[in-house]
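In this text the structure is predicted, and so the values were computed from the model without any measurement.
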Amino acid sequence: MRTMIVTGTGTGVGKTVVTAAVAALAAAAGERVVVVKPAQTGIEPGAPGDLADVGRLTGDRVTTLELARYPEPLAPATAARRSGLPPLHVADIEKALTDVTADLVLVEGAGGLLVRLNDDGETLADLDLPVLLVASAGLGVLNSAALTAEALDRRGRDLVGTVVGAYPEQPDLAERTNLDDVPVVTGAPLLGVLPAGLGDADPASFETAARCGLHHVLGGRWSQP
């Protein structure tokens with residue numbers, strides 16, 4: 001079983017779309033895929049969250065598992081404290097992962113790598129798993145990508161590579177040059193570029209875009225120009 005964390009350089013960078021894209025290609029190749037969302041925040045009980053988007057985009061060909069949900073759109077530790085609900089711990093995630101049977105398991109984080117899960121200061125970086133980084137396209141991403149890579153290196157974690165989660169149709173200068181600079185500052189390869197707005201696609205179009213936008217390491221056929 002292959003297991004990988006999907007984290008981001010921040011919020012709103014396309015983590016769910018990238019998670020769904022990797023999952024869709026693996027499912028299309030006949031693999032059993034499970035997508036785990038340890039902590040969903042900002043969604044009321046019963047409302048569709050990120051995993052509903054994963055299901056829709058993959059044509060419901062993957063299994064999804066949410067471990068904790070907090071209604072306010074805050075870091076999981078803060079959201080748990082304010083809601084009075086039990087906080088999530090790394091041991092809870094590890095236990096859930098041991099109970100999963102699949103060829104590929106994707107663990108989608110909330111926000112960035114070092115967002116606290118609980119008031120003990122635990123983060124997804126405390127899981128001994130390889131990490132796929134989803135980056136924003138524009139100005140400022142080089143710093144956040146470099147900091148994430150440094151945090152992983154200090155913990156002895158493997159950064160598999162970076163995917164730009166929402167690349168604009170008409171990129172500006174920073175967005176164009178960042179494609180060359182992100183792998184330099186992270187020390188890991190650029191493994192894909194997905195177009196902005198892909199989260200609204202139907203499953204067939206989504207799979208085609210994923211195949212065109214992700215490197216063969218992630219099941220696609222994209223290569224950096």
Side-chain angles (χ1 to χ4, degrees), residues 4-22 35-43 49-51 53-54 57 68-70 72-80 88 93 106-118 121-127 129-155 157-168 171-200 213-214 218:
M4 181 167 60
I5 294 170
V6 182
T7 191
T9 54
T11 58
V13 298
K15 284 191 306 297
T16 299
V17 167
V18 171
T19 300
V22 176
V35 177
V36 180
K37 184 77 175 182
Q40 174 73 71
T41 65
I43 305 291
D50 291 341
L51 293 182
D53 291 332
V54 170
L57 291 169
R69 174 176 290 212
Y70 308 108
E72 294 182 315
L74 303 168
T78 308
L88 182 68
I93 304 173
L106 300 172
V107 181
E108 185 192 336
L113 178 71
L114 299 185
V115 169
R116 290 187 167 205
L117 298 173
N118 52 60
E122 292 184 324
T123 73
L124 282 188
D126 292 311
L127 289 168
L129 295 171
V131 174
L132 179 65
L133 177 62
V134 181
S136 58
L139 201 62
V141 71
L142 298 182
N143 179 65
S144 51
L147 289 171
T148 302
E150 182 176 314
L152 288 169
D153 184 64
R154 288 181 60 189
R155 290 163 173 79
R157 304 294 186 245
D158 179 31
L159 177 58
V160 176
T162 304
V163 175
V164 175
Y167 198 68
D172 61 24
L173 178 61
E175 290 160 342
R176 295 195 304 272
T177 58
N178 282 343
L179 297 184
D180 293 321
D181 291 339
V182 163
V184 174
V185 303
T186 60
L190 186 65
L191 294 181
V193 178
L194 296 180
L198 188 56
D200 295 326
L214 295 180
L218 300 176

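Note that the CG atom of L129 and the OG1 atom of T7 stand 12.0 Å from one another [nearest 0.5 Å]. One finds the OG1 atom of T16 at 12.0 Å from the CG atom of L198 (value rounded to the nearest 0.5 Å). With values rounded to the nearest 0.5 angstrom, M4 atom CE is found 6.0 Å from L218 atom CG. Atom CG in D172 sits 8.0 Å away from atom OG1 in T177 (nearest 0.5 Å). Taking CD1 of I93 as the reference point, atom CG of L127 lies at 5.0 Å (rounded to 0.5 Å). Remark: L147 CG to T186 OG1 distance equals 12.0 Å, nearest 0.5 Å.
Residues passing the side-chain contact (heavy atoms from CB on, under 4.5 Å) test with T148, sequence neighbours excluded: L113, L133, L152. Remark: E150 pairs with no residue by the salt bridge (Lys or Arg N to Asp or Glu O under 4.0 Å) rule, at least two apart or across chains. Partners of P168 according to the side-chain contact (heavy atoms from CB on, under 4.5 Å) rule, which considers only residues two or more places apart in sequence or in another chain, are A137, P171, E175. For R116, there are no side chain to side chain donor-acceptor pair (under 3.5 Å) partners two or more places apart in sequence or in a different chain. D126 is linked by a side chain to side chain donor-acceptor pair (under 3.5 Å) to nothing, counting only residues two or more places apart in sequence or in another chain. By the side chain to side chain donor-acceptor pair (under 3.5 Å) test, T162 pairs with no residue at all, sequence neighbours left out. Legend: residues meeting salt bridge (Lys or Arg N to Asp or Glu O under 4.0 Å) with R157, ordered by chain and number and at least two apart, are D128. Looking at residues two or more places apart in sequence or on another chain, you find no salt bridge (Lys or Arg N to Asp or Glu O under 4.0 Å) involving D153. Residues passing the side chain to side chain donor-acceptor pair (under 3.5 Å) test with E122, sequence neighbours excluded: N118. The side-chain contact (heavy atoms from CB on, under 4.5 Å) search around A80 returns Y70, P87, not counting sequence neighbours. Judged as a side-chain contact (heavy atoms from CB on, under 4.5 Å), and not counting sequence neighbours, the contacts of V141 are T9, A135, S136, S144, N178, V182.
Among the candidates L57, L106, D53, D50, the single residue satisfying the side-chain contact (heavy atoms from CB on, under 4.5 Å) test with T19 is L106.
When all heavy atoms of L74 and T41 are compared, the pair lying nearest together is O-OG1, 3.2 Å. Nearest approach of V18 to G165, heavy atoms of both residues: CG2-CA, 3.9 Å. Nearest heavy atom pair, residue A125 against residue R155, reads CB-CD, 3.5 Å. In this structure, L190 and P183 approach most closely via the heavy-atom pair N-CB, 4.0 Å. The heavy-atom pair separating I5 from L124 by the smallest distance is CD1-O, 3.5 Å.
Judged purely by atom type and a 3.5 angstrom limit, K37 uses its side chain to pair as donor or acceptor with the backbone of G109. Checked by atom type and distance alone, the side chain of E108 never pairs as donor or acceptor with a backbone atom of V35 at under 3.5 Å.
Under the 4.5 Å side-chain criterion, counting only non-hydrogen atoms from C-beta, L173 is in contact with R176. Looking only at side-chain heavy atoms (C-beta outward), L88 and P38 come within less than 4.5 Å of each other.
Evaluation of the salt bridge (Lys or Arg N to Asp or Glu O under 4.0 Å) test over residues 133-148, restricted to residues two or more places apart or in two chains, returns none.
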